[in-house]
*Asks:* 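Quick one: the structure is below, and I'll ask about it shortly.
Convention: sequence-line order gives letters A, B, ...; per-chain numbering from 1.
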Protein chains: 2
Amino acid sequence: MPAKKIDEDYLMDRLTDVFRLHGYEGASLSRISQATGLKRASLYHRFPGGKEEMAEAVLKSADEWFTSHILAPLTGSGKPLARIQKMTKRLSNFYGAGRHSCLLDSLSIGEEDVAIRQHIEESFSAWLEALVRVALEAGLTPVMAKERAEEALIGIQGALVMARATGNTKPFLRILKNLPKLLTLDSK
Amino acid sequence: MPAKKIDEDYLMDRLTDVFRLHGYEGASLSRISQATGLKRASLYHRFPGGKEEMAEAVLKSADEWFTSHILAPLTGSGKPLARIQKMTKRLSNFYGAGRHSCLLDSLSIGEEDVAIRQHIEESFSAWLEALVRVALEAGLTPVMAKERAEEALIGIQGALVMARATGNTKPFLRILKNLPKLLTLDSK
DNA sequence: GTCTATAGCTTGATAGAC
DNA sequence: GTCTATCAAGCTATAGAC
């Protein structure tokens, strides 16, 4: 009997886990093979471009999920404050309440591949722009909106680094809780 | 003529660069050899425990430098505000005005070695405690001091991640500039 | 203390059977 | 679409000369 095709969603999830946890260089084909249940040759059948193509596919799928599930609510209808609160809830879920690393962070360490570097930069910028937009809608000045959006992103990334380094996820949850205020009020 | 001994300070600096830039798995002996000018066998003469010992030595030397040059001014004499300002200046220099990654961040990705994980956690905690102490001296309540210290650390780490991912170091410099206020004022 | 040379294992990648 | 078998190149680590 022929071996069943491994579901693509499942495959991408496991692939994402490995890159998120180990970074590009640490994501060896052995680890990927073990995590996905696919042997090396099967991985190359799915991704002829090898590891580099896998990393780009992971970035692309994460991008799509993030855009539709996290950023979409930001540009939807309703009050800016309510939209931001919705985002923070989904963000908490996305990052496992602070227990998961950010893929963009993990993949940006020691990366020499230009395409991947650029993809990371673009994903970061798209996220930032979405935050700026909602802050503007909330009534902040352009200068303040940009500053607060940067601060929001920095807070999230920094708190995830701290959680990974110390195991303490509370600061991450607090940062999320304060995001609505940060992105809507014009004074701290 | 016998080959001259490579200066230890120089060796540790180059070694630190490699681990900071590539993380543990990306710091191959080839890269280390090229960066330090020492061949594989010479590296094992200096570090019989191999790569793991190199990483621990790098963490130890970074710790010592950080404690004496960055954290020491925090516990010295003078007003808390002035001490914090001194720290921010040295922090900016330490991180190349935002162009360098944090060693603790780079080494915490995908690390399975317990000793290294623990070292990272302790370094993080020591840094945090120093920040809490100076915030307390500045008159903040214990609860606020801890919160602000965490926020300071998160800001620094997050801004460094952002700088690495996007190439934009301005947010990092702004975060540093706002540290004195963050750690001394009891309202934002 | 540094080097050349080498060992054995793991890596990313490919060929070809089913 | 998945697999086993295989490859060359890279990896960490060691032995021994100078």
Side-chain angles (χ1 to χ4, degrees), chain A residues 1-59 61 106-107 109-117, chain B residues 1-19 21-59 61 106-107 109-116:
Chain A
M1 108 185 144
K4 275 185 190 167
K5 177 173 180 176
I6 295 247
D7 177 67
E8 174 152 353
D9 286 347
Y10 174 82
L11 175 59
M12 291 308 300
D13 281 353
R14 298 287 76 72
L15 215 44
T16 304
D17 285 344
V18 179
F19 279 107
R20 209 172 30 74
L21 204 59
H22 295 97
Y24 187 83
E25 309 236 25
S28 67
L29 290 191
S30 304
R31 274 200 252 252
I32 293 174
S33 178
Q34 189 162 22
T36 60
L38 280 178
K39 300 293 182 186
R40 281 168 154 71
S42 306
L43 288 167
Y44 276 89
H45 178 75
R46 301 283 195 102
F47 307 96
K51 205 169 130 172
E52 186 181 326
E53 187 176 337
M54 295 181 211
E56 296 215 52
V58 159
L59 278 171
S61 94
S106 298
L107 283 183
I109 284 183
E111 195 51 69
E112 281 151 7
D113 186 297
V114 182
I116 292 179
R117 291 214 72 85
Chain B
M1 113 187 142
K4 277 186 191 167
K5 177 174 180 177
I6 294 244
D7 177 68
E8 175 154 350
D9 285 347
Y10 174 82
L11 175 59
M12 291 310 299
D13 281 354
R14 299 287 75 75
L15 214 45
T16 304
D17 286 344
V18 179
F19 279 107
L21 204 58
H22 296 98
Y24 187 84
E25 309 237 24
S28 67
L29 290 192
S30 304
R31 274 200 251 252
I32 293 173
S33 178
Q34 188 162 21
T36 59
L38 279 179
K39 300 293 181 184
R40 281 168 154 71
S42 306
L43 288 167
Y44 276 90
H45 177 74
R46 301 285 195 100
F47 306 97
K51 206 169 129 173
E52 186 181 327
E53 187 176 337
M54 295 181 213
E56 296 215 51
V58 158
L59 278 172
S61 93
S106 297
L107 282 183
I109 285 183
E111 194 52 68
E112 281 152 9
D113 185 296
V114 182
I116 292 179

*Asks:* Where do A:Ser106 and B:Ile109 come nearest, in terms of heavy atoms and distance?
*Replies:*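 Taking A:Ser106 first and B:Ile109 second, the nearest heavy atoms are CA-CD1, 3.6 Å.
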*Asks:* With respect to the phosphate group of C:dT11, does any side-chain polar atom (N or O) of A:Arg31 fall under 4.0 Å of OP1 or OP2?
*Replies:*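 No, no such contact exists.
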*Asks:* Respond yes when some side-chain nitrogen or oxygen of A:Ser30 is under 4.0 Å from OP1 or OP2 of C:dT10, and no when none is.
*Replies:*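 Negative; the distance criterion is not met.
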*Asks:* Going by heavy atoms closer than 4.0 Å, what residues in residues 6-15 of chain B are next to DNA chain C?
*Replies:*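 Output list: B:Ile6.
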*Asks:* Who pairs with A:Asp9 by side-chain contact (heavy atoms from CB on, under 4.5 Å), at least two apart in sequence or on another chain?
*Replies:*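 For A:Asp9 the side-chain contact (heavy atoms from CB on, under 4.5 Å) partners, ignoring immediate neighbours, are A:Asp7.
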*Asks:* Counting only non-hydrogen atoms, which of residues 32-44 of chain A are less than 4.0 Å from DNA chain C?
*Replies:*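 Nucleic-acid contacts, sorted: A:Arg40, A:Ala41, A:Tyr44.
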*Asks:* Measuring to OP1 and OP2 of C:dG1, would you say a side-chain N or O of B:His45 lies under 4.0 angstrom away?
*Replies:*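 Affirmative; the distance criterion is met.
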*Asks:* Provide, to the nearest angstrom, the distance between the CG atom belonging to B:Leu29 and the P atom belonging to D:dT12.
*Replies:*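 So the two atoms are 4 Å apart, to the nearest Å.
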*Asks:* Please enumerate all residues that pass salt bridge (Lys or Arg N to Asp or Glu O under 4.0 Å) together with A:Glu25, with sequence neighbours excluded.
*Replies:*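 So A:Glu25 forms a salt bridge (Lys or Arg N to Asp or Glu O under 4.0 Å) with B:Arg31.
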*Asks:* Taking side chain to side chain contact (heavy atoms under 4.5 Å, CB included) as the criterion, tell me which of B:Val18, B:Leu15, B:Asp13 meets it with B:Val58.
*Replies:*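 Going through the options one by one, the only one that passes is B:Leu15.
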*Asks:* Quick one: closest heavy-atom pair of B:Met12 and B:Ser61, and the distance?
*Replies:*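 Nearest pair, atom of B:Met12 first, then B:Ser61: CE-OG, 3.7 Å.
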*Asks:* If pairs are Watson-Crick or G-U with both distances under 3.5 Å, what is the dot-bracket string of DNA chain C, marking crossing pairs with [ ] and pairs to another strand with |?
*Replies:* ||||||||||||||||||
*Asks:* Side-chain donor-acceptor contacts of residues 37-50 of chain B below 3.5 Å, not counting sequence neighbours, with atom names and distances?
*Replies:*
from	atom 1	to	atom 2	distance (Å)
B:Arg40	NH2	B:Ser30	OG	3.3
B:Arg46	NH2	B:Ile6	O	2.6

*Asks:* Test of understanding: with side-chain contact (heavy atoms from CB on, under 4.5 Å), list the residues that count as partners of B:Asp113, not counting sequence neighbours.
*Replies:*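 side-chain contact (heavy atoms from CB on, under 4.5 Å) check on B:Asp113 returns B:Glu52, B:Glu111, B:Ala115, B:Ile116.
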*Asks:* I'd like to know whether A:His22 forms a side-chain contact (heavy atoms from CB on, under 4.5 Å) with B:Glu112, so could you lay out the CA-CA distance, the side-chain angles of the two residues, the decisive distance to 0.1 Å, and finally the verdict.
*Replies:* CA-CA 10 Å; A:His22 295 97; B:Glu112 281 152 9; 3.4 Å; yes
*Asks:* For A:Arg20, check side chain to side chain donor-acceptor pair (under 3.5 Å) against everything at least two apart and list the hits.
*Replies:*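 So A:Arg20 forms a side chain to side chain donor-acceptor pair (under 3.5 Å) with A:Asp17.
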*Asks:* Could you tell me the separation between the OH atom of B:Tyr10 and the OG1 atom of B:Thr36, rounded to the nearest 0.5 Å?
*Replies:*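 It is 7.5 Å, given to the nearest 0.5 Å.
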*Asks:* To the nearest Å, how far apart are A:Lys5 NZ and D:dG1 P?
*Replies:*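 Between P of D:dG1 and NZ of A:Lys5: 5 Å.
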*Asks:* Could you tell me the separation between the CZ atom of B:Arg46 and the C1' atom of D:dT14, rounded to a whole number of Å?
*Replies:*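 Checked: the CZ to C1' distance equals 18 Å.
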*Asks:* For A:Lys51 versus A:Tyr24, what's the shortest heavy-atom pair and its separation?
*Replies:*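 The pair with the smallest heavy-atom distance is NZ-O, 2.8 Å.
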